[in-house]
Structures are given as C-alpha cells and as structure tokens.
Amino acid sequence: MPRYQATLLIELKKGILDPQGRAVEGVLKDLGHQVEEVRVGKVLEIVFPAENLLEAEEKAKAMGALLANPVMEVYALEALKELP
C-alpha cells in the first residue's frame with residue numbers, strides 16, 4: 001500500500017492570546033528586527049498508508065481535526081506527498 005506524508009499546521013485562532021508569540025516578537029524587536037506580529041504554532045509531519053491521494057487527503061484532514069483544539073486552534077493541511 002502506498003505511503004504518504006502529510007504536513008499539518010496548527011495555529012491559535014485570531015483573538016486568542018499567544019504569550020509565546022509575544023515573547024518571540026519582543027526578542028526579535030530587541031534584536032533590531034521590525035516585526036508587527038509573531039504567532040507560534042505547531043507543525044506535524046505524519047507518515048501513514050493510504051490507497052490513493054484522495055484517501056490520504058481525507059485521512060490527513062481527519063487527523064488535523066482530531067489534533068487541533070476546535071475552541072482555540074485552527075489547522076491546515078500544508079502539504080501532502082506520496083513517499084517512494
């Protein structure tokens with residue numbers, strides 16, 4: 001069965017306080033970088049079997065929905081590729 005690698009991005013929803021992002025923003029500004037906002041999220045790379053690309057996409061989205069807290073996070077399927 002073919003194997004796929006999905007890259008999921010999980011971020012806090014707009015309006016949810018992001019103390020880690022604020023800390024990174026402060027450090028970057030202290031180092032002289034002009035930044036307006038920094039948000040910190042999670043990137044997950046998951047390898048799993050699927051019959052085809054459509055099934056792999058459905059599985060990846062289902063995993064993203066399970067791993068993200070719907071009250072305060074959103075997820076996006078950033079990349080999906082078949083592995084050799």
Side-chain angles (χ1 to χ4, degrees):
M1 179 177 293
R3 296 178 337 135
Y4 291 85
Q5 179 177 322
T7 302
L8 295 169
L9 175 61
I10 298 176
E11 299 177 297
L12 291 172
K13 290 181 176 181
K14 292 292 181 191
I16 301 290
L17 294 178
D18 183 358
Q20 189 176 9
R22 296 284 293 210
V24 171
E25 179 182 326
V27 168
L28 289 173
K29 286 179 177 179
D30 288 346
L31 294 172
H33 296 281
Q34 294 181 346
V35 295
E36 292 183 20
E37 182 182 26
V38 176
R39 306 283 290 177
V40 174
K42 299 176 268 192
V43 176
L44 295 94
E45 291 191 354
I46 305 168
V47 175
F48 58 94
E51 290 290 334
N52 54 52
L53 185 59
L54 182 59
E55 181 184 0
E57 183 177 3
E58 290 172 359
K59 285 184 172 186
K61 288 180 178 178
M63 288 185 267
L66 287 171
L67 295 170
N69 177 345
V71 173
M72 54 192 293
E73 295 175 320
V74 293
Y75 77 92
L77 178 58
E78 290 291 306
L80 180 63
K81 65 180 179 182
E82 186 173 358
L83 297 176

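Just so you know, these numbers use all the heavy atoms, side chains as well, and skip hydrogens, waters and symmetry mates.
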Which pairs, with at least one residue in residues 71-84 and sequence neighbours excluded, count as a side chain to side chain donor-acceptor pair (under 3.5 Å)?
K42-E73

Rounded distance [0.5 Å steps], CG in N69 versus NZ in K13
8.0 Å

Just wondering, more than 12 heavy atoms not from R22 lying within 6.0 Å of its CZ?
no

Across all chains, not counting sequence neighbours, the side chain to side chain contact (heavy atoms under 4.5 Å, CB included) partners of V43 are T7, L9

Transitive ILVMFWY side-chain link V74 to L12, under 4.5 Å:
no

L67-F48 co-clustered via ILVMFWY side chain contacts under 4.5 Å:
yes

Interatomic spacing from NZ in K59 to CE in M63 - rounded to 0.5 Å
7.5 Å

L53 meets the side chain to side chain contact (heavy atoms under 4.5 Å, CB included) criterion, sequence neighbours left out, with Y4, L80

Nearest-0.5 Å distance, CD of residue E45 to CG of residue L8
9.5 Å

Rounded distance [0.5 Å steps], CD in E51 versus CE in M1
3.5 Å

Restricting to side chain to side chain contact (heavy atoms under 4.5 Å, CB included), what partner residues turn up for E36, sequence neighbours left out?
none

Salt bridge (charged side-chain N to carboxylate O under 4.0 Å, His left out) filter on E57, not counting sequence neighbours, yields K61

Could you pull out the closest heavy-atom pair between K14 and E37, with the gap in Å?
NZ-OE1, 3.8 Å

Are V35 and V40 connected in the hydrophobic side-chain network, where two residues link if heavy atoms are under 4.5 Å apart?
yes

Quick one: list whatever passes side chain to side chain contact (heavy atoms under 4.5 Å, CB included) with R3, sequence neighbours left out.
V47, L83

